[in-house]
Amino acid sequence: MKIAIITMHRVLNFGSVLQAYSTCYIIKHFGFEPEIINYMEPRHTNLGAVKDILDNISFDDIQIWKIPMQIGIKMLKVVSYFIQRMKFNLFLSRNLPIGSKKYFSCDGLMKNPPEADIFMTGSDQVWNSEYNNGVDRAYFLDFVSVRRPRISYASSFGQDKILKSEADEVRSLLKKYQAISVRESSGVQIISEMGIEGAAHVLDPTLLLSRSEWEQQFLLEESPEDEPYLLIYSVERSIDTIIYTTAKKIADSLGLRIVFLSQAAKLNSMKGCDVQRSFTDVETFLRYFYNARFVVASSFHGLAFSINFERQFAVILPPRYNTRLRSLLNLFDLSGRIVEKNIDLGRLTDRIDYRRVSHLLQMEREKSFDFLTSNLSDI
């Protein structure tokens with residue numbers, strides 16, 4: 001039986017493509033044939049990405065002689081985008097079973113829907129209407145025939161509440177699902193407040209694969225650096241100062257170099273780091289986490305891989321969508337790893353007891369597998 005999955009597989013984000021990979025890996029484990037629905041919101045196409053880069057050009061209050069420099073910077077960002085897009089596409093083509101039909105809207109999906117026995121909304125912030133510029137009905141499987149079952153696995157609202165103006169529409173869409181699971185505890189609460197009971201809290205797909213499974217799939221033991229390092233991974237640049245200050249204090253105390261892992265060109269560098277790595281492919285991203293002595297992250301999947309690979313870490317919460325990180329930290333009783341304004345070096349350098357965390361992780365994996373087992377076997 002084929003399971004068609006709609007998720008954010010085309011975003012230039014390591015976590016997004018790896019959660020899509022993990023979902024397919026697990027679906028195969030259950031004996032089904034997974035296929036990613038090749039849905040791309042216009043902003044995630046090449047044209048949309050370039051338009052977004054160029055639309056942000058502002059010449060207000062800029063001296064005339066600086067205008068060529070501003071244009072040059074934008075052109076470098078466009079080149080940076082296409083280099084990274086090429087690397088991500090290579091990973092997708094090698095590792096994800098993506099459908100051949102391309103879709104750019106929910107209307108397009110309704111006119112010529114993909115064929116499958118079961119339809120699944122996958123993980124990532126698929127139900128975050130702020131991130132998606134409104135309720136994207138495609139991610140709620142609104143194009144699926146009433147004769148076909150719909151389930152969600154680890155879908156995320158990304159926030160702890162939704163707009164009242166969207167509640168009725170979202171409620172109507174969710175009621176068409178045979179089974180619902182979400183990635184954050186706040187998601188269970190959101191759905192419950194709509195009068196829909198039974199939503200399960202499950203793990204992000206990347207956490208369903210054990211550390212050894214990631215090792216075997218991508219040969220992670222070869223370190224990308226010659227010397228021990230502290231890894232910084234953040235896609236939220238507004239908090240660079242606290243991230244670097246935290247990393248510097250920890251690195252100095254542990255005698256580590258600081259490596260900043262960037263998804264783009266050195267235009268996005270973080271001052272003070274010993275090394276910056278740009279244009280990294282997806283496999284190398286995993287190796288950086290696997291071999292780090294310490295991780296400072298503001299990213300959900302940066303946190304997820306730190307936990308799964310049993311790295312020592314500190315977390316700086318991003319100003320938006322931080323419910324995702326809090327929920328994951330609470331699940332493993334690791335909220336003490338959050339860095340606020342005052343950096344408690346002693347607390348952050350205390351070693352995490354991964355025997356306890358591993359036990360909790362295994363329990364949560366079993367709950368997540370139970371959700372899939374019970375709901376896929378009944379269909």
Side-chain angles (χ1 to χ4, degrees), residues 2-28 32-52 81 84-86 88-146 148-158 166 169-170 172-174 176-178 180-183 204-206 282 301:
K2 179 189 285 188
I3 298 182
I5 305 158
I6 192 163
T7 189
M8 292 182 174
H9 68 288
R10 283 277 304 179
V11 183
L12 274 191
N13 179 280
F14 295 113
S16 294
V17 299
L18 287 168
Q19 64 80 21
Y21 168 83
S22 303
T23 302
C24 293
Y25 182 97
I26 295 302
I27 293 300
K28 289 178 184 176
F32 293 88
E33 177 192 351
E35 182 176 279
I36 298 286
I37 297 171
N38 201 7
Y39 173 61
M40 294 171 276
E41 301 166 69
R43 63 189 172 135
H44 292 153
T45 63
N46 290 337
L47 180 61
V50 172
K51 183 176 182 296
D52 183 61
Y81 164 80
Q84 200 70 351
R85 179 75 272 166
M86 179 179 64
F88 272 67
N89 283 349
L90 186 60
F91 178 86
L92 295 177
S93 64
R94 287 175 174 174
N95 296 284
L96 265 69
I98 300 174
S100 57
K101 296 178 186 176
K102 291 183 179 180
Y103 300 97
F104 304 97
S105 68
C106 191
D107 287 342
L109 281 159
M110 286 181 167
K111 290 175 183 175
N112 186 20
E115 296 180 0
D117 301 289
I118 303 167
F119 288 83
M120 175 185 286
T121 299
S123 190
D124 228 351
Q125 297 186 75
V126 287
W127 292 344
N128 186 339
S129 61
E130 182 177 322
Y131 179 76
N132 292 332
N133 300 316
V135 176
D136 190 332
R137 299 175 75 91
Y139 288 125
F140 287 89
L141 299 174
D142 195 36
F143 56 89
V144 174
S145 164
V146 294
R148 292 287 183 257
R150 314 174 199 194
I151 66 174
S152 78
Y153 183 80
S155 303
S156 174
F157 291 97
E166 296 172 349
E169 181 180 11
V170 172
S172 174
L173 291 165
L174 291 178
K176 298 176 183 178
Y177 281 75
Q178 275 64 42
I180 299 174
S181 65
V182 287
R183 197 176 63 180
D204 181 83
T206 61
V282 179
H301 284 105

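If you read the sequence from its start, that first residue is 1, and numbering goes on from there.
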Item to check | NZ (Lys102) with more than 12 external heavy atoms under 6.0 Å | outcome: no

Item to check | Gap between atom CG of Leu96 and atom CZ of Phe91 - 0.5 Å precision | outcome: 6.5 Å

Next on the checklist: Checking side-chain polar atoms at under 3.5 Å, does Asn38 have a donor or acceptor matched by the opposite partner on His9?
Outcome noted: yes

Checklist entry - Between CG of Leu18 and OG of Ser123, what distance do you get to the nearest 0.5 Å? => result 12.0 Å

Item to check | Qualifying residues under ring pair (Phe, Tyr, Trp, His ring centres under 6.0 Å), relative to Phe140, sequence neighbours excluded | outcome: Trp127

Next on the checklist: Strictly below 4.0 Å, N to O, side chains only: are Arg137 and Glu169 in salt-bridge contact?
Outcome noted: yes

Item to check | For Asn128, side-chain hydrogen bond (donor to acceptor under 3.5 Å, both in side chains) partners two or more places apart | outcome: Gln125, Gln159

Checklist entry - Side chains of Ser16 and Asp124: donor-acceptor distance under 3.5 Å anywhere? => result yes

Next on the checklist: When you compare the side chains of Tyr103 and Asn112, does any donor N or O come within less than 3.5 Å of an acceptor on the partner?
Outcome noted: no

Item to check | Rounded distance [0.5 Å steps], OG1 in Thr206 versus NE2 in His301 | outcome: 4.5 Å

Checklist outcome for this item: Nearest heavy-atom approach of Pro34 to Cys24 is CG-O, 3.6 Å

Checklist entry - Strictly by modelled atom types, are Asp107 and Ser105 linked by a side-chain donor-acceptor pair under 3.5 Å? => result no

Checklist entry - Looking at CG of Leu109 and OH of Tyr139, how far apart are the two atoms once the value is rounded to the nearest 0.5 Å? => result 10.0 Å

Item to check | Residues in side-chain hydrogen bond (donor to acceptor under 3.5 Å, both in side chains) contact with Arg43, at least two apart in sequence or another chain | outcome: Glu41, Asn132

